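Nothing here was measured: the structure is a model prediction, and the numbers come from that model. Here, residue 1 is the first one in the sequence, and each next residue gets the next number.
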Amino acid sequence: MPSFLPQSLLSLALLLTDCTRPAQMGSTTAAQPTAPAAQTVAAPPQVVLEQPAAAPLQVAAAQFDKYLPLLQGKRVGLVVNQTARVGQAFLVDTLLSRGANVKVIFGPEHGFRGEAADGATIKDGKDARSGLPALSLYGSTKKPTPEMLRDIDVLVFDIQDVGARFYTFISTMHYVMEAAAEQGKEVIILDRPNPNGWYVDGPVLEPKYKTFVGMHPIPVVHGLTVGELAQMINGEKWLAGGKKCRLTVIPVAGYTHATRYELPVRPSPNLPTAHSVDLYPSLCLFEGTDVSVGRGTDRPFEVIGAPTQPASRPFSFVPTPNPGSTSPPQNGKRCYGQDLKGTGEIGFTLSYLIDYYNQSTAKDKFFTSGFERLMGTGETRQQIIAGKSEAEIRTTWEPKLGAYKAMRQKYLLYPEK
């Protein structure tokens, strides 16, 4: 599948020093519906969809008539990153040019420009282009403080998600909603398509494994846009104290959950292609093992391997530091595994995980302490060790997964087909 378009020269100098050094690959061997009207939600939403009709897909940020009137006379805070664009223009530039009173920019993991390495600390700064303060919501402060929101009336969230529970932008959205609920602020979600929104799969998160990489009792592949998930968070009273924020979702026009959507801008440094986004829900589980997912190469989330895999594996690579991963797992070690280029759209699977455990030459070191945080359940590690098949493991997910699918129906803004 084709790679995403490179970032526009309109990128704003913010938070981070430019990362211009290219990623270095280690050595290797061989007809849609019209959009529903914007929904303002103060309780579990009552969503009424219009009848399907042919219409082009249009992200919410491009539908100015739907949300600019909601910003008139209000002090605006933007929760955005490099994916928040209208065409090639950054949303902050567009809103300022249209007279919106933007007061501050909040950036998630990877920063406003999306160039920081995975897990890197993001510092507060100033946007050189607009002069606006740029505050980090990743690092020591993940939830906006009262001081941060003192001069704000409404928070606008526009960040592209990839549809996996452990992708941290939805955790940032949760904390933004929670702070807004506590401090009496409004939240407007400018919705975008979910590239993995065509299916729902995986175990539902158990409460004891709730962390920043999994905050909600949802499956690994949740099958929601950020707007739909925001409505679920509000409707199911998942914010602290069961509070609800004043929430408005501006839907995507011409979108269904069957719409296959390639992201025009890479959502984070280590998801550079549409294929890596497809594979991400399955391969991210390896981050809780000794298997490298290609961080420190120019093929992250498209190659997998480890020094503890047989050298007879058909592909090998050596991770080395690069701007997207300054200290990659298995740094400098030859990893034996697979190049997944050319594999089809298979959805979420445990097949890679089970295969690599079974082939490991150091099974006692295969899983790390972080595996359960990603998997969301304590059963899967033991099931794999016990030799259970994927089909057998999946049967243990079904009761909670079925209940989630039924709950999900209440919050859908878009048809399934």
Side-chain angles (χ1 to χ4, degrees), residues 2-15 32-39 55-72 74-108 110-115 127-132 134 152 154-162 169 172-173 176 186-195 197 225-228 230 248-255 259 261-268 271 274 277 413-414:
S3 298
F4 295 122
L5 298 175
Q7 292 194 9
S8 165
L9 295 177
L10 293 174
S11 296
L12 306 180
L14 178 73
L15 299 178
Q32 304 167 347
T34 57
Q39 300 291 320
L57 189 147
Q58 189 178 42
V59 299
Q63 300 175 59
F64 301 112
D65 60 321
K66 298 286 184 63
Y67 67 94
L68 282 182
L70 305 179
L71 305 182
Q72 289 182 356
K74 296 177 182 177
R75 299 166 298 176
V76 180
L78 297 182
V79 187
V80 291
N81 67 1
Q82 79 287 350
T83 64
R85 303 190 192 194
V86 180
Q88 290 299 306
F90 279 80
L91 182 64
V92 61
D93 294 337
T94 301
L95 292 185
L96 289 172
S97 71
R98 290 173 176 263
N101 185 18
V102 181
K103 305 293 287 186
V104 63
I105 301 168
F106 296 98
H110 308 297
F112 173 70
R113 298 183 63 190
E115 293 179 341
D127 170 20
R129 186 183 183 102
S130 67
L132 293 171
I152 296 299
V154 58
L155 289 154
V156 176
F157 183 97
D158 183 17
I159 296 178
Q160 178 67 60
D161 185 42
V162 299
F169 298 152
T172 295
M173 181 177 72
V176 166
E186 300 177 59
V187 174
I188 296 175
I189 305 290
L190 301 183
D191 216 2
R192 290 180 179 268
N194 177 354
T225 65
V226 291
E228 292 170 326
T248 301
V249 177
I250 310 298
V252 182
Y255 176 67
T259 303
Y261 180 71
E262 287 193 19
L263 309 184
V265 178
R266 67 172 65 184
S268 53
L271 290 179
V277 171
L413 286 168
Y414 314 98

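Scanning both residues, K66 and P69, for their nearest heavy atoms gives C-CD, 4.3 Å. Minimum heavy-atom separation, I159 to V79: CG1-O, 3.6 Å. A pairwise comparison of heavy atoms in P195 and P193 identifies CD-O, 3.6 Å as the closest pair. The two residues A61 and Y67 come nearest to each other via the heavy atoms O-OH, 2.6 Å. Of all heavy-atom pairs between P251 and A60, the closest is O-CB, 3.8 Å. Minimum heavy-atom separation, N81 to P267: ND2-O, 4.0 Å.
With sequence neighbours excluded, the residues satisfying side-chain hydrogen bond (donor to acceptor under 3.5 Å, both in side chains) with D191 are T225, Y414. With sequence neighbours excluded, the residues that form a side-chain hydrogen bond (donor to acceptor under 3.5 Å, both in side chains) with K74 are E186.
When side chains are defined from C-beta on, L91 counts as touching L190, because their heavy atoms get closer than 4.5 Å. Using a 4.5 Å cut-off on side-chain heavy atoms (C-beta onward), T94 and F64 make contact. At a threshold of 4.5 Å between non-hydrogen side-chain atoms, the residues L57 and Y261 count as touching. Counting only heavy atoms from C-beta outward, the side chains of N101 and R75 approach each other to under 4.5 Å. Within the 4.5 Å cutoff, the side chain of V162 has heavy atoms near those of the L271 side chain.
Of the possible donor and acceptor atoms, none in the side chain of Q58 sits under 3.5 Å from a partner among the backbone N and O of Q63. When atom types are taken as modelled, the side chain of Y255 and the backbone of N194 share a donor-acceptor pair closer than 3.5 angstrom. Distance alone, capped at 3.5 Å, places no donor-acceptor pair between the Q160 side chain and the Q82 backbone.
Partner of L132 under the side chain to side chain contact (heavy atoms under 4.5 Å, CB included) criterion, out of V104, L78, V102: V102 alone.
Note that CD1 of I188 is 13.5 Å distant from CZ of F157, once rounded to the nearest 0.5 Å.
Using a 4.0 Å cut-off between charged side-chain N and carboxylate O, D158 and R192 make a salt bridge.
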